[in-house]
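Structure record follows, encoded as structure tokens.
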Amino acid sequence: MRTRMIAGNWKMNNNAAVTGEFVKKLEAWLDSDEVGKKSAAAVKDKKIEIVIAPPFTSIGAAVAAKKGSLISLSAQNAYFEPKGAFTGEISLSMIEETGCKYVILGHSERRHIFGETDELLEKKLAATLATKLLPIFCVGELLEDRESGATNDVLTTQLKRVWKNLKGDVVGEKVVIAYEPVWAIGTGKTASNDDAQKACAFIRDLAASDFGRKTADALRILYGGSAKADNSAGILSQPDIDGLLIGGASVAPESFEKIISTAI
Ligand code: PGA
């Protein structure tokens with residue numbers, strides 16, 4: 001059984017003060033609301049994992065506000081070099097030190113706004129797997145790729161290169177893949193349940209052909225792109241989708257809680 005993941009990628013939202021309030025509210029909901037308590041039980045039973053990815057400067061506030069261990073933390077990016085003259089970058093060990101469990105790599109905004117390449121992401125993924133941090137590795141096609149029928153080719157290129165030197169058990173146990181079609185991110189356009197399922201099944205089959213069925217069965221694959229409480233249950237009902245990476249609808253606790261409610 002793969003543990004479902006409901007992960008909030010806050011992007012450049014929620015400063016430290018707001019983050020502290022968010023964490024307190026979410027923990028109070030997990031402790032007092034009827035559905036919240038069920039969600040907390042599901043986390044304890046390892047049926048679901050709740051993750052938030054605040055901006056770097058808000059991670060400390062999340063740690064300070066957090067009383068329990070029901071919420072896991074993720075960073076949104078990292079650099080692969082351990083230290084040195086890389087102005088503006090944050091190393092993996094610095095992120096580990098904060099208490100984060102996960103790090104998001106290869107988000108489409110990193111790829112398309114900041115020019116991150118598959119070559120760079122291969123280094124970032126390998127460096128992450130040499131630490132205790134677990135990568136949430138994002139892939140996804142542009143609208144023009146989808147329209148020209150190139151979705152599977154794009155996913156193949158984005159994954160084969162970064163995992164070609166990895167071992168199957170590492171991929172299955174440590175890597176989380178987030179399928180995020182770029183045309184669905186922040187646009188209000190969600191992939192249909194069927195399209196999201198097809199892409200996630202394709203990724204699982206790719207893992208099976210590269211590493212074997214055991215790895216493919218263990219690999220967690222999330223969907224991301226305008227996921228919200230209205231569509232999350234349908235997406236989560238798909239057999240190859242193990243959770244959601246949520247941007248806009250994860251920034252406020254109330255809408256994030258509603259999505260969690262649909263995942264338990
Ligand atoms: P969105 O973002 O939910 O706002 O579309 C998802 C993401 O970019 O991870």
Side-chain angles (χ1 to χ4, degrees), residues 2-9 11 49 51 53 74 76-77 102-112 116 118 121-122 124-125 134-163 166 171-172 174-211 215-228 231-250 259 262-263:
R2 299 185 291 265
T3 301
R4 266 192 179 166
M5 179 186 284
I6 300 298
N9 171 19
K11 312 187 180 187
E49 223 179 339
V51 180
S74 175
Q76 298 177 14
N77 183 28
Y102 293 97
V103 58
I104 298 171
L105 298 176
H107 188 276
S108 73
E109 285 143 23
R110 299 298 321 167
R111 290 175 188 264
H112 299 294
E116 296 199 3
D118 293 332
L121 292 169
E122 182 185 1
K124 288 192 176 195
L125 183 60
L134 304 174
I136 300 174
F137 191 85
C138 303
V139 294
E141 81 286 4
L142 297 166
L143 183 59
E144 64 223 49
D145 301 323
R146 175 151 288 264
E147 285 174 344
S148 67
T151 299
N152 291 351
D153 292 343
V154 171
L155 298 177
T156 303
T157 305
Q158 289 176 337
L159 286 168
K160 283 238 181 215
R161 163 136 203 181
V162 300
W163 74 24
L166 302 179
V171 173
K174 296 193 169 175
V175 178
V176 178
I177 301 289
Y179 167 63
E180 299 206 310
V182 181
W183 49 270
I185 296 178
T187 58
K189 287 185 198 149
T190 322
S192 69
N193 295 341
D194 195 41
D195 284 341
Q197 161 59 21
K198 276 194 186 125
C200 293
F202 177 80
I203 292 168
R204 200 175 299 290
D205 285 344
L206 197 65
S209 74
D210 284 1
F211 303 107
T215 295
D217 287 344
L219 183 66
R220 286 193 287 174
I221 305 175
L222 316 181
Y223 167 80
S226 297
K228 45 186 182 289
N231 57 29
S232 53
I235 301 170
L236 289 168
S237 68
Q238 303 303 311
D240 285 295
I241 300 181
D242 304 309
L244 298 166
L245 184 58
I246 309 139
S250 73
I259 297 174
T262 67

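Using modelled atom types, no side-chain atom of Asp242 and backbone atom of Leu222 make a donor-acceptor pair closer than 3.5 Å. Checked by atom type and distance alone, the side chain of Arg2 never pairs as donor or acceptor with a backbone atom of Ala218 at under 3.5 Å. The backbone N or O of Ala53 lies less than 3.5 Å from a partner atom in the side chain of Gln76, making a donor-acceptor pair. Using modelled atom types, no side-chain atom of Arg220 and backbone atom of Met5 make a donor-acceptor pair closer than 3.5 Å. Counting only distance, with no hydrogens or angles, the side chain of Gln158 and the backbone of Gly140 share a donor-acceptor pair below 3.5 Å. Remark: the backbone N or O of His112 is not paired with any side-chain donor or acceptor of Glu116 at under 3.5 angstrom. Asp145 contributes a side-chain N or O that, together with a main-chain N or O of Leu142, makes up a donor-acceptor pair within less than 3.5 Å.
Note that CG of Leu219 and NZ of Lys174 are 14.5 Å apart. Values are rounded to the nearest 0.5 Å. The distance from atom CZ of Arg110 to atom SG of Cys138, rounded to the nearest 0.5 Å, is 11.5 Å. With values rounded to the nearest 0.5 angstrom, Lys11 atom NZ is found 13.5 Å from Asn77 atom CG. Ile6 contributes atom CD1, which lies 7.0 Å from atom OG of Ser232 (distance to the nearest 0.5 angstrom). Remark: Asp210 CG to Leu159 CG distance equals 9.0 Å, nearest 0.5 Å. Of the inter-residue distances, the one linking Arg204 atom CZ with Gln197 atom CD reads 8.5 Å to the nearest 0.5 angstrom.
Nearest heavy atom pair, residue Cys200 against residue Ile241, reads SG-CG1, 3.8 Å. The shortest non-hydrogen separation linking Lys228 to Gly188 is NZ-O, 4.2 Å. Between Gly172 and Thr215 the shortest heavy-atom distance is N-CG2, 3.7 Å. Annotation for Ala227 and Ala249: closest pair O-CB, 3.5 Å, computed over non-hydrogen atoms. Nearest heavy atoms, Leu236 versus Arg4: O-NH2, 2.7 Å. Here the shortest heavy-atom pairing between Ala191 and Ala184 reads N-CB, 4.3 Å.
Within the 4.5 Å cutoff, no side-chain heavy atoms of Lys124 are placed close to those of Val162. Val175 has its side chain out of reach of Trp163: every pair of non-hydrogen atoms, C-beta onward, lies at least 4.5 Å apart. By the 4.5 Å heavy-atom criterion applied to side chains, Val139 and Ile203 are counted as neighbours. In this structure, Leu206 and Lys160 have side chains that are in contact, with non-hydrogen atoms separated by less than 4.5 Å. For the pair Leu125 and Phe137, the minimum side-chain heavy-atom distance is below 4.5 Å. Residues Leu244 and Ile259 meet the side-chain proximity criterion, which asks for heavy atoms closer than 4.5 Å. Side chains of Thr187 and Ser226 form a contact here, defined as non-hydrogen atoms less than 4.5 Å apart. Contact check for Asp195 versus Arg146: side-chain heavy atoms found under the 4.5 Å cut-off.
Glu49 and Tyr102 form a side-chain donor-acceptor contact under 3.5 Å, judged by distance and modelled atom types alone. Side-chain contact check for Glu144 and Trp183: no donor-acceptor pair (N or O, by modelled atom type) lies under 3.5 Å. His107 and Glu180 are linked by a side-chain donor-acceptor pair at a separation below 3.5 angstrom, with hydrogens and angles left out of the test.
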Next item on the list: Might you work through the side chain to side chain contact (heavy atoms under 4.5 Å, CB included) test for Tyr223 and Asp240, ending with a clear yes or no?
Entry: CA-CA 10 Å; Tyr223 167 80; Asp240 285 295; over 6 Å; no

Next item on the list: Would you check, one step at a time, whether the test side chain to side chain contact (heavy atoms under 4.5 Å, CB included) holds for Leu155 with Phe202?
Entry: CA-CA 9 Å; Leu155 298 177; Phe202 177 80; 4.1 Å; yes

Next item on the list: Please step through side-chain hydrogen bond (donor to acceptor under 3.5 Å, both in side chains) for the pair Asn231 and Thr190, ending with a clear verdict.
Entry: CA-CA 8 Å; Asn231 57 29; Thr190 322; 3.1 Å; yes

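A salt bridge links Asp118 and Arg111; the closest N-O separation between the charged side-chain nitrogens and carboxylate oxygens is under 4.0 Å.
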